[in-house]
Amino acid sequence: MFEGKIKISQSEIPRTLLGTSPFIAAAQFGHRARLYQLDLYNNPENILKIIKKSYELGITGIQVIPYPPVVEALIWAQEAGYDMNVMGTVRPGKENEDIELFSDLKASSMLLHADITDDKDWNFIEEKLQLIKDEKIVSGLVTHMPFQNTDSLLKSPVLDLFELYMVPVNKLGYLMDCDTYGIEERTNFNNIIKSINKIVIAKKILAAGILKPEEAFDYLKTADFVDIVAIGIASEKEAQETFNLLASK
């Protein structure tokens, strides 16, 4: 499941990506965020071990949120011969800096962070997407609010300026902009996302660790609009268990 690569323009993007949210101790992980800060953010050597293990398991792509420990570990991995295909997330307030960084890292794609997309300043978004395209790199947008904002994107002047669309997707509707996520909401979501006609990347598929991988992957089989998945991993053991299970589906 989610094997191989998708070709976009002159780039080939792996359909399974190593996510980096645990590496930056993202707040969505609750009390575990403090553990991730101690184990990963403060120790990029441990991030490097996860990148290496994931690569050895056949995961050759990484979705990078470019905080210093993540970038440091990625560069170490590259220097050691672990040639990860980089999908970069461009952060708010650091757009030009991050675009330059990802260009130097030979990223195959860059996506504007959800806080940029969800602000819906189309002139600003157009400017930054154009900067990415000027680098001859595949461009995309991330959203935290696909239910609310996909329709806005469909009517926006930036619709033809990006190829990738990253959205939260999980069985629970957790960290998605909906109160419930039953059959009606799932059908509506499916139709909304398909309408934008982009390559769709699913994030938060494990609902910040609430869902077991088996349950999360079984749900993804029903989400036929998803083209690529990004899965945050917090240890070598977790990488082995999660990616081997995904490969068996």
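Residue numbers count from 1 along this sequence. Hydrogens, waters and symmetry mates are skipped; everything else that's a heavy atom, side chains included, is used.
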- With the threshold set at 4.0 Å, does a side-chain nitrogen-carboxylate oxygen contact exist between K249 and D218? yes
Any side-chain donor paired with an acceptor under 3.5 Å for N123 and E127?
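N123 vs E127: no donor-acceptor pair found between side chains.
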Do the two ring centres, one from Y36 and one from F23, sit under 6.0 Å apart?
-> no
On a heavy-atom basis, which atom in E236 and which in K53 lie closest, and how many Å separate them?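 So the minimum-distance heavy-atom pair works out to O-CG, 3.8 Å.
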- Where is the tightest heavy-atom contact between W76 and E45, given as atom of each residue plus distance?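 Here W76 and E45 meet closest at CZ3-N, 3.8 Å.
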Under the criterion side-chain contact (heavy atoms from CB on, under 4.5 Å), which of I228, V229, I193, V169 is the partner of V200?
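Looking at I228, V229, I193, V169, the match for V200 under the side-chain contact (heavy atoms from CB on, under 4.5 Å) is I193.
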task = Report the residue from L164, I199, V86, I201 that forms a side-chain contact (heavy atoms from CB on, under 4.5 Å) with S109.
result =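 Looking at L164, I199, V86, I201, the match for S109 under the side-chain contact (heavy atoms from CB on, under 4.5 Å) is L164.
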Below 4.5 Å, heavy atoms only, C-beta onward: do [X] and [Y] meet side chain to side chain?
X: I24; Y: V70; answer: yes
X: I132; Y: F102; answer: no
X: F189; Y: F225; answer: yes
X: V167; Y: K203; answer: no
X: L101; Y: L105; answer: yes
X: L161; Y: E126; answer: yes
X: Y55; Y: I50; answer: no
X: F243; Y: I231; answer: yes

- Count the heavy atoms belonging to other residues, nucleotides or ligands that lie under 6.0 Å from CG of D104, then report whether that count exceeds 12.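 Check passes, neighbour count above 12.
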**Asked** When you look at CD of E100, are more than 12 heavy atoms from neighbouring residues, nucleotides or ligands closer to it than 6.0 Å?
**Response**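 No, not enclosed.
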I'd like to know if I62 and V138 are part of one continuous hydrophobic network [Ile/Leu/Val/Met/Phe/Trp/Tyr, side-chain heavy atoms within less than 4.5 Å].
no
*Flag yes if L74 and I47 sit in one hydrophobic cluster, no otherwise; membership is Ile, Leu, Val, Met, Phe, Trp, Tyr, and two members link when side-chain heavy atoms are under 4.5 Å apart.*
yes
- Could you please spell out the steps behind the salt bridge (charged side-chain N to carboxylate O under 4.0 Å, His left out) verdict for E215 and K171? CA-CA 8 Å; E215 191 175 10; K171 179 182 179 180; 2.9 Å; yes
**Study point:** I210: hydrophobic cluster co-members (side-chain, 4.5 Å)
**Key:**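 Besides I210, the cluster holds L172, Y174, L175, L211.
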Any residue meeting salt bridge (charged side-chain N to carboxylate O under 4.0 Å, His left out) with E241, in chain and number order, not counting sequence neighbours: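 For E241, no residue satisfies salt bridge (charged side-chain N to carboxylate O under 4.0 Å, His left out) once neighbours in sequence are set aside.
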Go through the structure and list residues passing salt bridge (charged side-chain N to carboxylate O under 4.0 Å, His left out) with D224, not counting sequence neighbours.
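Salt bridge (charged side-chain N to carboxylate O under 4.0 Å, His left out) list for D224, sorted by chain: K194.
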**Prompt:** Between the main-chain N or O of F147 and the side-chain N or O of T150, is there a donor-acceptor pair closer than 3.5 Å?
**Reply:**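 Here the side-chain-to-backbone pair does not exist.
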When you measure from the centre of the six-membered ring of F162, is the NZ or CZ of K198 closer than 6.0 Å and no more than 45° off the axis? yes
For this session: Determine, stepwise, if the pair D118 / T143 fulfils side chain to side chain donor-acceptor pair (under 3.5 Å).
Result: CA-CA 6 Å; D118 294 344; T143 183; 2.6 Å; yes
